Novice: 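This is the structure I have questions about; it appears just below.
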Amino acid sequence: MCTFAAKFTDPKSIFSKGMMVANRTIKFLTLLTLVFSSLTAFAGGGDTTSNDNGRVNTKESIDAYIKHHLADSHDFALFSYTNNAGERKHIGFPLPVIVWTSEGLRVFMSSEFHHNDDGAVVLEKDGVKLTKIHSKIYELNAGEEAVAFDEEHHATNAQKVLDLSITKSVFGMLFAGLLMFFGFRSLASGYKKGPIPTGAARILEPLVLYVRDEIARPNIGEKHYRKFMGFLLTVFFFIWVLNLLGLTPLGFNVTGQIAVTVCLALFTFFIVQFSGNKDYWKHIFWMPGVPVLMKLVLAPIEVLGMLTKPFSLFVRLFANITAGHSVVMGIAALMILLKAKFGTAGATGISFFLTLFLTIIELLVAFLQAYIFTMLSSLFIGMAVEEHDHH
Amino acid sequence: MGIFNDFSIGLFLMQLVILALLIFIMAKFAWKPILNALNEREEGIQGALDAAENARKEMQNLQADNERLLKEARAERDAMMKEAREIKDKIIADAKQEAEEQTTTMIDNAKATIKQEQQAAIAELKKTVGNLSIEIAQKVVRKELASQDDQLKLVEGMLEEVTLN
């Protein structure tokens with residue numbers, strides 16, 4: 001080792017390089033530990049309404065659990081368990097609830113609901129009574145003290161409020177945003193040192209190049225693509241990072257929230273409409289090259305097509321991610337459901353390998369959906385900015 | 001639970017704000033510098049490739065030039081050598097001719113001289129022979145009176161004396 005080090009003229013630089021590598025390794029290991037320390041717990045929400053002291057071990061409670069996970073939640077729960085004293089313990093942290101009620105803005109921490117999700121806990125907040133039912137915040141009508149339900153378990157004397165809380169999904173989006181910001185900021189600042197990226201930037205750069213050269217350029221065209229790169233790159237990495245976060249035991253299901261995918265699709269929709277040139281609108285309302293009668297028939301169809309494009313975008317992303325999460329959780333639940341038939345070890349083995357297999361597929365789907373969303377967005381943008389010089 | 005029951009307006013609004021901000025921030029602080037750097041690098045690479053190609057072409061041109069020059073030089077050298085050889089031949093020929101002419105003149109001169117000398121010698125000889133004949137004739141005439149035999153002896157003696165030198 002000494003002779004090896006002696007060969008180099010500057011042992012100081014070797015040392016600092018070694019330190020850099022060590023630093024990086026430590027950072028990476030910290031991150032890994034953060035991610036995997038929660039592996040012991042399967043992703044999921046807080047309390048379930050099952051009778052068996054919060055245990056999820058029947059078909060109904062599993063269904064409820066999956067549904068609960070797919071929905072957004074107001075606190076960040078990693079896992080929960082029942083201790084020896086029979087108390088339900090929740091591991092996680094509360095998130096702020098921000099609601100716009102009939103009396104104005106109310107802000108408090110979600111821990112005040114004590115993990116209750118069926119309207120049993122009613123909070124008094126400066127003249128408004130708030131409760132949480134199935135991850136939604138309700139405001140009780142004036143004068144009411146407790147929530148009344150109809151046969152379908154819908155609250156009859158409470159109204160939903162505008163909920164601007166930092167929910168788990170919002171938290172996830174902020175987290176993804178921060179990851180993206182710091183990751184690509186480091187890539188961007190890396191170029192100041194030299195044109196060849198080093199370290200983690202070597203992984204990020206080909207991804208950026210991929211979006212630019214395989215998605216934006218061929219679909220939008222060399223002339224216009226640069227304008228839309230900001231949107232396309234952001235959306236691509238945003239969806240991808242969130243899809244991947246959804247596969248970690250942190251249990252995010254952001255891209256499986258319909259509100260999120262609708263918002264993403266609306267961005268595409270408006271960008272397409274605002275960047276559409278004269279030809280684009282002409283092709284929608286007054287199709288060139290066909291008889292007048294056909295023009296009249298085609299116009300409503302084209303308008304419909306204009307609207308179905310973003311619709312397909314948000315439904316595809318939402319459905320794929322929701323389905324993926326449902327199936328992975330369902331298969332994981334086989335561990336419990338097949339216990340009677342195959343024994344604990346057999347059921348766990350079957351469930352483990354199927355879940356592993358599906359998770360690998362989901363890993364692919366996570367990328368694929370980000371790719372498809374970005375690709376179709378750029379395709380629609382490309383159609384809007386295309387110049388038809390043959391007419 | 002229907003899809004639209006799940007739609008949370010609050011989440012939608014939060015997402016709207018977050019996504020808009022994220023696009024703005026990322027475009028300004030990440031994508032723009034990254035894409036600019038990538039473009040710059042690609043242009044740099046393209047430039048370097050073009051320069052290399054140009055250099056190669058120039059090199060080729062230079063080589064062609066060199067070859068042309070070399071060929072020209074060789075041709076010139078050949079021409080010069082040929083000329084030199086011609087000049088040499090001419091000089092030799094001229095020299096030969098001159099020498100020949102000179103020799104001829106010398107030989108002619110020599111011949112003329114020899115002839116002159118010869119004639120002079122012949123004239124001298126004639127003169128000497130004449131003188132001798134006269135002398136002999138004088139002596140013969142002087143001794144004629146003695147006898148025939150004496151006369152003959154005399155002539156013989158005289159003839160012996162006469163050496164044609």
Side-chain angles (χ1 to χ4, degrees), chain A residues 67 70-72 98-100 134-137 160-167 169-170 173-174 176-177 180-181 183-192 195-197 201 204-205 208-209 212 226 229-235 237-238 254 257-264 266-267 315 318-319, chain B residues 1-70:
Chain A
K67 228 174 228 174
L70 290 178
D72 205 355
I98 306 161
V99 284
W100 187 261
H134 292 310
S135 301
K136 297 249 183 309
I137 310 283
K160 274 185 201 167
V161 289
L162 182 59
D163 184 357
L164 299 173
S165 308
I166 308 297
T167 59
S169 294
V170 175
M173 286 191 262
L174 292 172
M180 280 168 67
F181 180 75
F184 288 105
R185 193 72 205 126
S186 79
L187 174 61
S189 57
Y191 287 120
K192 280 182 198 135
I196 309 297
L204 297 180
E205 193 201 88
V208 175
L209 283 175
R212 191 191 66 177
R226 184 64 182 81
M229 282 312 288
F231 170 69
L232 293 172
L233 281 166
T234 310
V235 163
F237 288 106
F238 188 66
V254 186
Q257 301 298 327
I258 196 143
V260 172
T261 61
V262 165
C263 185
L264 285 166
L266 273 181
F267 264 83
V315 170
F318 161 74
Chain B
M1 261 204 260
I3 283 179
F4 293 100
N5 197 23
D6 276 347
F7 186 90
S8 160
I9 294 169
L11 181 59
F12 175 77
L13 292 176
M14 291 302 278
Q15 153 80 341
L16 200 70
V17 173
I18 291 173
L19 188 59
L21 271 177
L22 189 65
I23 291 174
F24 175 75
I25 291 171
M26 291 299 281
K28 193 163 165 37
F29 295 108
W31 306 135
K32 204 175 157 191
I34 289 173
L35 290 173
N36 285 345
L38 287 175
N39 265 353
E40 239 167 67
R41 190 179 71 188
E42 273 154 23
E43 272 162 24
I45 292 172
Q46 194 57 49
L49 284 176
D50 287 349
E53 180 64 17
N54 280 347
R56 203 179 60 83
K57 268 187 192 153
E58 228 156 89
M59 197 69 190
Q60 243 169 5
N61 282 350
L62 263 173
Q63 249 168 355
D65 271 7
N66 277 353
E67 219 147 285
R68 197 171 50 78
L69 279 174
L70 207 65

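Numbered from 1 within each chain, the chains take letters A, B, ... in sequence-line order. Predicted model only: the values in this text are computed from it and were never measured.
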Novice: Which pair of heavy atoms, one from Pro33(B) and one from Arg185(A), lies closest together, and at what distance?
Specialist: CG-NH1, 4.4 Å
Novice: How long is the gap from CG on Leu266(A) to CD on Gln15(B), to the nearest 0.5 Å?
Specialist: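 Between atom CG of Leu266(A) and atom CD of Gln15(B) there are 10.0 Å.
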Novice: Non-hydrogen contacts under 4.5 angstrom with chain A: give the residues of residues 18-31 of chain B involved, or none if there are none.
Specialist: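 Interface residues of residues 18-31 of chain B: Ile18(B), Leu19(B), Ala20(B), Leu22(B), Ile23(B), Ile25(B), Met26(B), Ala27(B), Phe29(B), Ala30(B), Trp31(B).
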Novice: Heavy-atom cut-off 4.5 Å, strictly under: side chain, backbone, both or neither for Ser186(A) against chain B?
Specialist: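 Neither part.
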Novice: Select, from Phe237(A), Phe181(A), Phe184(A), Phe231(A), the one with the greatest count of heavy-atom pairs under 4.5 Å involving chain B.
Specialist: Phe184(A)
Novice: Could you pull out all residues at least two apart from Phe12(B) that satisfy ring-ring contact (aromatic ring centres under 6.0 Å, His included)?
Specialist: Phe7(B)
Novice: Heavy-atom distances under 4.5 Å only: say whether Val262(A) touches chain B with side chain, backbone, both or neither.
Specialist: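 Both the backbone and the side chain of Val262(A) come within 4.5 Å of chain B.
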Novice: Please name the pair of heavy atoms, one in Asn39(B) and one in Arg212(A), separated by the smallest distance, quoted to 0.1 Å.
Specialist: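 It is OD1-NH1, 3.6 Å.
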Novice: Once ring-ring contact (aromatic ring centres under 6.0 Å, His included) is applied, do any residues pair with Phe238(A), and if so which ones, sequence neighbours excluded?
Specialist: none
Novice: Which one, Ile45(B), Leu16(B), Ile9(B), leads in non-hydrogen pairs under 4.5 Å with chain A?
Specialist: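 Most heavy-atom pairs under 4.5 Å with chain A: Leu16(B).
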Novice: Does any heavy atom of chain B fall under 4.5 Å from the side chain of Leu264(A), the backbone, both, or neither of them?
Specialist: both
Novice: Going by heavy atoms in the side chains, are Ile34(B) and Leu233(A) under 4.5 Å from each other?
Specialist: no
Novice: Can you tell me how far OG of Ser8(B) sits from NZ of Lys136(A), rounded to the nearest 0.5 angstrom?
Specialist: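 Nearest 0.5 Å value for the NZ-OG distance: 5.5 Å.
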Novice: If every non-hydrogen atom of Gln257(A) is compared with every non-hydrogen atom of Leu11(B), which pair is closest and at what distance?
Specialist: CB-CD2, 3.7 Å
Novice: May I ask you to list the residues in residues 53-65 of chain B that approach chain A closer than 4.5 angstrom, counting heavy atoms only, ordered by number?
Specialist: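 The residues closer than 4.5 Å to chain A amount to none at all.
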Novice: Evaluate the side-chain proximity of Ile166(A) to Met14(B): yes if any heavy-atom separation is below 4.5 Å, no if none is.
Specialist: yes
